[in-house]
Amino acid sequence: MIGRAEWFSRRKYGGWGLSVKTWQGWLYVIAVGGISFALLNVPFISESVRMPLTYGWLAIACLDILHIMATLKKDEMEVRIEALAERNASWAMIGALVIGVAYQTAQTAVSGNQQIDMFLIATLVAGVVAKAITNLWLERKGI
Amino acid sequence: MDNKIKELRQTQNLTQQQLADKVGVRRETIVFLEQGKYNPSLKLASDVAKALGSHVEAVFYLDK
């Protein structure tokens with residue numbers, strides 16, 4: 001892998017992902033962005049090669065970023081804080097999804113046309129499944 | 001739960017960062033532990049006590 005976990009920290013205040021911690025991290029960001037930009041703009045690459053090459057590079061970059069996120073070292077207190085923050089984030093999202101489904105259900109009832117976005121329902125179902133699997137796994141494993 | 005981390009750390013002339021490095025946590029965690037704002041797991045409490053050359057029961061105690 002290319003990037004190292006010690007160059008980054010967990011993003012806390014601006015969503016999910018990574019925050020740059022060291023100059024090597026900035027160099028990594030510039031390199032990933034620069035190569036992507038170059039692949040899209042360099043004139044001597046034929047158009048038939050450009051897109052597969054760019055997507056290939058972006059796939060490698062995404063895998064590398066996921067690897068950095070997975071290997072990011074967190075101490076006990078950070079893990080607890082992150083778990084509570086993620087729980088609160090999921091509750092906020094569940095609330096917004098439920099309000100969305102309720103609104104669309106009301107609109108469907110009033111207009112008579114089916115207006116419920118199935119992706120909202122699927123997202124809620126995915127959350128239920130993820131929660132059930134996590135409970136089952138952790139209760140068996142004994143956290 | 002209260003503790004004697006700061007007292008023991010200062011006795012050994014360790015900075016918060018040095019203690020954090022010995023234990024393998026962030027400096028912020030040591031700050032919160034010293035202030036009694038964070039109750040550690042038994043594992044972390046044991047690691048901190050060991051890094052200070054002491055035992056858990058000598059470092060951490062219930063504040064009545």
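In what follows, every chain begins at residue 1, and chains take the letters A, B, ... in the order their sequences are listed.
- In this structure, the side chain of A:E76 engages the main chain of B:S41 through a donor-acceptor pair within 3.5 Å.
- Grouping the Ile, Leu, Val, Met, Phe, Trp and Tyr side chains by contacts below 4.5 angstrom, directly or via other members, places A:V98 with A:W91.
- A:I60 and A:M69 fall within a single hydrophobic cluster, where Ile, Leu, Val, Met, Phe, Trp and Tyr side chains are chained together by heavy-atom contacts under 4.5 Å.
- Under the 4.5 Å side-chain heavy-atom criterion for ILVMFWY residues, a single connected hydrophobic cluster contains both A:V101 and A:V125.
- A:M77 and B:F32 get closest at one heavy-atom pair: CE-CD1, 3.4 Å.
- Contacts between residues 12-30 of chain B and chain A, counted as heavy-atom pairs separated by less than 4.5 Å, involve B:G24, B:V25, B:R26, B:E28, B:T29.
- Of the two parts of B:D47, neither the backbone nor the side chain holds a non-hydrogen atom closer than 4.5 Å to a non-hydrogen atom of chain A.
- Under the 4.5 Å side-chain heavy-atom criterion for grouping Ile, Leu, Val, Met, Phe, Trp and Tyr, A:I116 is connected to A:I94 within one hydrophobic cluster.
- Atom OH of B:Y61 sits in a crowded spot, with more than 12 heavy atoms from other residues, nucleotides or ligands closer than 6.0 Å.
- With a 6.0 Å radius and a threshold of 12 heavy atoms from other residues, nucleotides or ligands, B:K50 has its NZ atom at or below the threshold.
- Summarising the local packing, CZ of A:R50 is surrounded by more than 12 heavy atoms from other residues, nucleotides or ligands at distances under 6.0 Å.
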